[in-house]
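The analysis underlying the following values was restricted to heavy atoms, covering all of them including side chains, and did not include hydrogens, waters or symmetry mates. Numbered from 1 within each chain, the chains take letters A, B, ... in sequence-line order.
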Amino acid sequence: MRRLLALFGVLGVSLAMLLAGPNAPGAAASVIDLTKPVPVNVPGSGLGSIGATGATITDAARTASSTGAGTNIAVKMGGVAAAGGAAGAATTAGGAAVAVAGAAYVGWEIGTFAGTAACAGGVDLLCWPKDPEWVPDADLPPDTAGFVPSNSFPVVGAAPGPTVGPETTVAVGTPTTPYLASPGSGTVQAVFAVVQPSSTPSGSTAYYRIWFGTHCRLSSGAVDSVLGANGSAGAYAKDGLSNVANVNYGCASTKKLDFLEFRATDYATGSPTGPSYYWYPETHPDRPEVILAAQRHWLTRGQCVKPVTVGGVEGVETVWVEAISATFSEGDPEWPKYPDVSCDGGQLKRLEVHKITPSFDPDGDDIVWEWDYPTDGSGLTTAEKYPECAAGACLLKLWRIVDGVEMDCFAHESLCAGWWSLRTADPAVYQCRYGANAVALSECYIYRPTFEPEATLETAVEGEIPEPAYANPDGSLDSGEPTDPNPPPRNCPPDAGFLSFLNPFWLFDTLKCAFIPTSAGLQAGWDNADVDWCSTAAGVLTCSVETVMGPFLQLGVGVDPEDCLGAEIQFPEAGMLKEMGTDGGSFYPFQACEPPATTLSEFWLGISSGIVYLGAFLTGGQMLARTIGAQDSVPA
Amino acid sequence: MILEWLWAKIAGFLGWLLSLFPTFTVPDWVNTIGSYATQGITWVNGLHNWVPLEAMRVSLGFLLGCGAVVLAVRGFRIVLSLFTGGGGGAA
């Protein structure tokens, strides 16, 4: 009876210890289950404030000015339209006005413009236009007044005798004769920008000549094959001589003016020395068009990377999305905002805004704003880097690369046994991913104990790993204290105050400190003794036994329960088994992949395990029984 | 705190006591056997479909533990017999 009571007493104490233990229900917050892949939003992997509506990135690098509303950019990616910068009315300042971006999916605000204090210095890309002296349509081709390509060109001087004049330019005045005027005669003035070098002797003269030809049409309107009045003229220089020449041109009395041609000419020989230039009268079909108010529009292009699953394999695809704005001209009092583009749940990698001017820049070579996803991840949280993983949509998984084949460690545990220790030697063998995104291998450090049961997280390399993390199994953040694998140092002895010794709780804590050792304290005591156990006479024996017997304690460790093939035996390529069509000369004599082998295997393992356990129990019990003088471990 | 201090002293004493005994070097073949054993166990693990490896490991650990207890008890008796003038069985 007393033995029975003692037995119940022991059981009761054991039960109480279990309930009071660290794993007792309600003792602390739940611990993440690391035996299976966990959602990305484990603390320490940078979840942050991501919500069900997606992620918002504030591109701090573009916030170039702390003053003025125009320096804020907000890029909204994924999810539904929300936030990402205040949608609102246009802001007008500095003589120009641009509508503020609404930021539905991708957008940014531009609220400060040329001429305001916020854009002083003109370095902020978001100040549009940047230049306080900005002129609308300044990028348009200049008005050449009918000249093609221009009314000025180089000419080279000459002189009778040894003196050769330098190169200079001549500007031809604009003719006023109308198109198809008859006889189409007129006079223009050519002005030579004569600059003689200072070494030229005083009184020297340089002579220049240009050639004018008049293209005429017959009264019927047909092109005349005979060139009209040749206005060859122009020989002037400096030092008291005029550098201005009047050139006469004109068609015959029965003909009409078509256009003029002129070019530089060698003074001495009269031969052309340069290409032809032209002047077309107004209304002439070949006269260059003058663009006074070019019609333009914005083209926003976004490069998106989206996770896709093809045939059960996770991957990504890259696509470009585009959107164009309403048409506007730079002289308009208000411009449309840059159009938004959506990556539709993908990740934005690059953003471009082109100013398209169909009349002369239809390809949109003028990129007014561009943004690239920071390759170093600076300033972005994990949630911002991987918006497709919002709300735990992605799993944090460890992979092993075997001959180029990616193997899921959670499906093939034996492949990743001890991976944390082995990763340094060849980090390319393992890969850590958020969904389809490869991330730093250290992100998977929480799986060290998963594949190395004897390891603990705190033994990982300091500085290389993120903060130890815990979360609820459903992926939500754990706001409570986690079940602590590293209990903080005890407050031992407890702080003493006035009359503390009268406090029974203080006395109890003090006594507890005195008599209950910590594992760290015991370890420190042994370490301080500086005993190299394996070098002592007794230790040599035990350590040798451990060396020999230790491997036997690895029986069955790391075995993949899903591996039905078992041990592999390799035969030479040209062996008999190869010729029989076996798998590359491999032979699996112990496989149990299909019935009836699987049934037999399970049955036999159950029976044999029972026999082994029973035998060990009897043998060990007999050893112990004989040690204490009993004859047998099993009572008769 | 007190027990930790006491343990530190005991550990120091044990260390001093152990240092009094001559030691010897383990022959290389011991390590060789361990290496072969590791390779052998790796291959034996491939028989997991038919051999109760888990049960064997647990049982082996149990038996080794029993053996360690037996050795400890008998060693304790031997030491104790030195102080009791041969009283008690050492075997």
| query | When you look at A/Ile628 and B/Val73, which way does the side-chain contact (heavy atoms from CB on, under 4.5 Å) test go after all the steps? | reply | CA-CA 9 Å; A/Ile628 60 175; B/Val73 170; 5.6 Å; no
Is the backbone N or O of A/Ser601 less than 3.5 Å from a side-chain atom of B/Asn49, with the two atoms forming a donor-acceptor pair by type? no
Whatever's closer than 4.5 Å to a heavy atom in chain A on B/Leu63 counts as both
The interface call for A/Ile607 against chain B, heavy-atom contacts under 4.5 Å, is neither
Whatever's closer than 4.5 Å to a heavy atom in chain A on B/Val51 counts as backbone
Checking A/Leu555, A/Ile611, A/Val612 against B/Pro52 for side-chain contact (heavy atoms from CB on, under 4.5 Å), the one that qualifies is A/Val612
Turns out that what part of B/Ile10 lies under 4.5 Å from chain A's heavy atoms comes down to neither
Between A/Phe617 and B/Phe62 the two heavy atoms that sit nearest each other are CA-CE2, 3.9 Å
key: Greater than 12 external heavy atoms within 6.0 Å of B/Trp50's CH2   = yes
Of the listed B/His48, B/Glu54, B/Met56, the one with the largest count of heavy-atom pairs under 4.5 Å with chain A is B/His48
When the 4.5 angstrom heavy-atom criterion is applied to B/Val44 and chain A, the contacting part is side chain
When the 4.5 angstrom heavy-atom criterion is applied to B/Trp43 and chain A, the contacting part is both
Looking only at B/Val69, B/Ile41, B/Leu53, most heavy-atom pairs under 4.5 Å shared with chain A are made by B/Ile41
Most heavy-atom pairs under 4.5 Å with chain A, out of B/Gly40, B/Ala37, B/Gly12, B/Ala8, belong to B/Ala37
When every non-hydrogen atom of B/Ser59 is compared with those of A/Tyr613, the smallest separation belongs to OG-CD2, 3.7 Å
Under 4.5 Å to a heavy atom of chain B? For A/Gln591 that would be backbone
